[in-house]
Amino acid sequence: MTGTLLVGIYVFVLAMFVGFEVITKVPPTLHTPLMSGANAISGISIVGALVIAGTGGSQLLTIIGFVAVVLATINVIGGFMVTDRMLQMFRRDRGGEGAS
Amino acid sequence: MNFDLYIWLAYLLAAVLFILGLKQLSSPETARRGNRIAAFGMLLAVIATLLDRQIIDFSWIVIGLITGSLIGAIMARSVKMTAMPQMVAVFNGFGGGASGLVAAAEYVRHMGGAQPLTADLGISIMAGTLIGGVTLSGSFVAFAKLQGVAEAAATYPLQKTFNFILAAAAVAIAVFLILSPVEPNIYLVLAGLALVLGVLVVIPIGGADMPVVVALLNSYSGLAASAAGFVLSNNALIISGALVGASGLILTNIMCRAMNRSLANVLFGAFGAGAATGAAAAAAGEQVANPVDAEDCAMMLAYARSVVFVPGYGLAVAQAQHRLRELADLLEARGVDVKYAIHPVAGRMPGHMNVLLAEANVPYTQLYEIEDVNPDIANVDVAVVVGANDVVNPAARDDPNSDIAGMPIVEVDKARHCVVLKRSLNPGFAGIQNQLFFLPNTRMLFGSAEKSIADVIHEVKAL
């Protein structure tokens, strides 16, 4: 096992703890936006997909990279947008009542 | 080198913004800002990546980004709030699929080499492929179930054994691939096996257990991103994936506790397969429920001091959230104290009811958790159950032999009166008859929730 993998595991375990600490405080009323928002964050693999699609390797690699970019972008854009759409509906009182 | 340093710093900043964004999601006041902070972090990570000098050809990238953005934006804008669980399931699948493909690409890059992969890389790639594949296909099965295409739990003999053998085979193939030189065909078998496993693991799970499955797949999509991070030795991916993994696990755990069942029981229990239905329905045959019409129901509500609404999945199916709010407004105008009691597993995903009611402009300050409602429920004049069943079944509390024994419920049976809006007396998802329907202080208002509430609104206005 090399140093890089070990560092990666350290980072992973510590980030899990950060995640538990931060997300435990999210109230049940926001659980759906939490899921869709967290889901958008998991689209971070777009970073890897972009490099694969643009490195100009074999044709197979470019295709894999392209598909991965499309999937990850749907995940990211769709995830953040739908979360925003949901969150704008949450309100404390009746103020600004328009849609019904 | 210097340039690379900036890219890595940008990744670090992105990871920090994700954490800050998630932190702000802990209050409805700041949540929207939090989501935007996280989105900004993502934008930063993407821009930093595009500056990477490894990238020499932007044509496919641009096409991919535009295509993905368009599809994502259209889906996000057009989806109905009632269909949110399906939407999240599909996005989970896409995220998992993208991470799996990143792992696959790394394997392809090493094709033609005579040497085995290094153990580190091999483990990361296989983990990414397996988790990504399971997430992708599992999410689409979940989507089909949530969409109502294949709602019921599908079971067959020796299901668990078969799945276990398949999973063991996948692990064995993964180990073989790590130890041997690059074998594209066998790798394809592994990827295919991962997809099959994803399908087989989700099909035995019934519709109402979907909150658990969606939360768990959410967690998987995070773990898949982490695995892709290990493949690329990119800490930003590892951190982000771990955050999502943690989030999904917390929600999974909350959902399981809200049903008083273990995760293993949800995943392998094939709950709701319908085994108990016959006996329960037969036993219920002798009992008589007390029906009520819209006019009497309107009287009960309009002259009550306090009313608690208990929404369930039926509210979503009937799209009755706007009507319900309209009724609540009328009652409030008459001086009735109105609350909503939200059970954690009401609906098809964590927080499903909250989003629906928010869409109908119900202030979130009126939404209460069961532990806030139950202590005072004896003082509630009327509890109105709208499209919920198992989450208000007193058997969970009173009958230790019930399938849902120990599951926390909204104790509407202890309210002074209880009105249940329901299509018929059919048992709920768990296939368990609900004694609540036959209690002396319970009234049944039969019909679709949307229609029933509309009728009650009409009658309240006429008073």
Side-chain angles (χ1 to χ4, degrees), chain A residues 2 4-5 8 11-12 15-16 19-20 22-23 25-26 29-32 34-39 41-45 47-56 60-62 64 66 68-84 86-87 89-93 97 100, chain B residues 18 22-23 25-26 28 31-32 35 39 42 45 49 54-57 60-61 64-65 67-69 71-73 75-76 88 91 94-95 97-99 101-102 105 108 120 218 221-222 225 228 230 232-233 235 237-240 242-244 246-247 250 350-351 354-355 358-359 363-365 367:
Chain A
T2 63
T4 328
L5 180 63
V11 169
F12 177 77
M16 280 291 253
F20 277 118
V22 171
I23 290 150
K25 298 194 177 73
V26 176
T29 198
L30 290 176
H31 276 168
T32 297
L34 167 68
M35 281 189 96
S36 62
N39 182 227
I41 292 176
S42 76
I44 184 72
S45 29
V47 164
L50 287 171
V51 175
I52 298 161
T55 325
L60 178 60
L61 269 179
T62 311
I64 294 178
F66 172 73
V69 169
V70 174
L71 293 184
T73 312
I74 296 175
N75 191 196
V76 168
I77 300 284
F80 282 126
M81 276 182 67
V82 86
T83 309
D84 191 64
M86 276 190 269
L87 288 173
M89 301 183 318
F90 281 87
R91 60 197 77 214
R92 168 177 280 282
D93 46 44
E97 203 171 318
S100 68
Chain B
F18 290 157
L22 284 172
K23 196 166 154 53
L25 267 179
S26 57
R32 202 170 176 204
N35 183 51
M42 188 64 77
T49 310
Q54 279 185 64
I55 299 181
I56 49 170
D57 180 4
W60 288 109
I61 289 181
L65 285 175
T67 315
S69 302
I71 299 175
M75 288 174 79
V88 171
F91 284 164
F94 287 162
S99 302
L101 284 174
V102 168
V108 171
D120 292 4
N218 194 220
S221 79
F230 278 104
L232 303 171
S233 303
N235 285 333
L237 265 74
I238 297 179
I239 295 172
S240 320
L243 293 173
V244 182
S247 155
I250 290 174
N354 307 71
V355 171
E359 186 199 15
Y364 60 81
T365 42
L367 310 186

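The model shown is predicted, which means the values in this text are computed figures rather than measured ones.
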Which bit of [X] is near chain B, if near means a heavy-atom gap under 4.5 Å: side chain, backbone, both or neither?
X	result
A:Ile52	side chain
A:Val51	both
A:Thr29	both

Checklist entry - Hey, does the side chain of A:Ser42 reach the backbone of B:Gly222 with a donor-acceptor pair shorter than 3.5 angstrom? => result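 Not at all, since once roles are kept as given, no pair shorter than 3.5 Å links the two residues.
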Checklist entry - Do side-chain atoms of A:Thr55 reach the backbone of B:Ile55 as a donor and acceptor pair under 3.5 angstrom? => result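 Between the backbone of B:Ile55 and the side chain of A:Thr55 there is no qualifying donor-acceptor contact (under 3.5 Å).
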Checklist entry - Top residue by heavy-atom pair count (under 4.5 Å) with chain B, among A:Asn75, A:Ile44, A:Val70? => result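 The answer is A:Ile44.
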Next on the checklist: Using a 4.5 angstrom heavy-atom cutoff, name the option from A:Ile77, A:Ile74, A:Leu87 with the most pairs to chain B.
Outcome noted: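 Sorted descending by pairs with chain B, the first entry is A:Ile74.
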Item to check | Criterion side chain to side chain contact (heavy atoms under 4.5 Å, CB included) on A:Thr32 and B:Asn354, from CA distance to verdict | outcome: CA-CA 8 Å; A:Thr32 297; B:Asn354 307 71; over 6 Å; no
Less than 4.5 Å apart, any side-chain heavy atom of [X] and any of [Y]?
X	Y	result
A:Val11	B:Ile239	yes
B:Val88	A:Val82	no
B:Asp120	A:Thr4	no
B:Ser26	A:Val22	no
B:Tyr364	A:Arg91	no
A:Val47	B:Leu237	yes
A:Ile41	B:Leu22	yes

Next on the checklist: Among residues at least two apart in sequence or on other chains, which ones pass side-chain hydrogen bond (donor to acceptor under 3.5 Å, both in side chains) with B:Ser240?
Outcome noted: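 B:Ser240 satisfies side-chain hydrogen bond (donor to acceptor under 3.5 Å, both in side chains) with no other residue.
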Item to check | Set of side-chain hydrogen bond (donor to acceptor under 3.5 Å, both in side chains) partners for B:Asn35, sequence neighbours left out | outcome: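 So B:Asn35 forms no side-chain hydrogen bond (donor to acceptor under 3.5 Å, both in side chains) with any residue.
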Next on the checklist: To check you understand the geometry: which heavy-atom pair defines the closest contact between B:Gly64 and A:Val69, and what is its length?
Outcome noted: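 Looking at all heavy atoms of both residues, the shortest contact is C-CG1, 3.8 Å.
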Item to check | Max heavy-atom pair count under 4.5 Å with chain A, selected residue of B:Ala225, B:Ala45, B:Ala73 | outcome: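 Looking at each option in turn, the highest pair count goes to B:Ala73.
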Item to check | chain A contact via B:Ile61 - side chain, backbone, both or neither, heavy atoms under 4.5 Å | outcome: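 Looking at B:Ile61, backbone and side chain both touch chain A.
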Item to check | Contacting region of B:Leu367 [heavy-atom separation from chain A under 4.5 Å] | outcome: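 For B:Leu367, the side chain is the part near chain A, not the backbone.
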Item to check | Rounded distance [0.5 Å steps], CE in A:Met86 versus CZ in B:Arg32 | outcome: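 The CZ atom of B:Arg32 is 12.5 Å from CE of A:Met86, to the nearest 0.5 Å.
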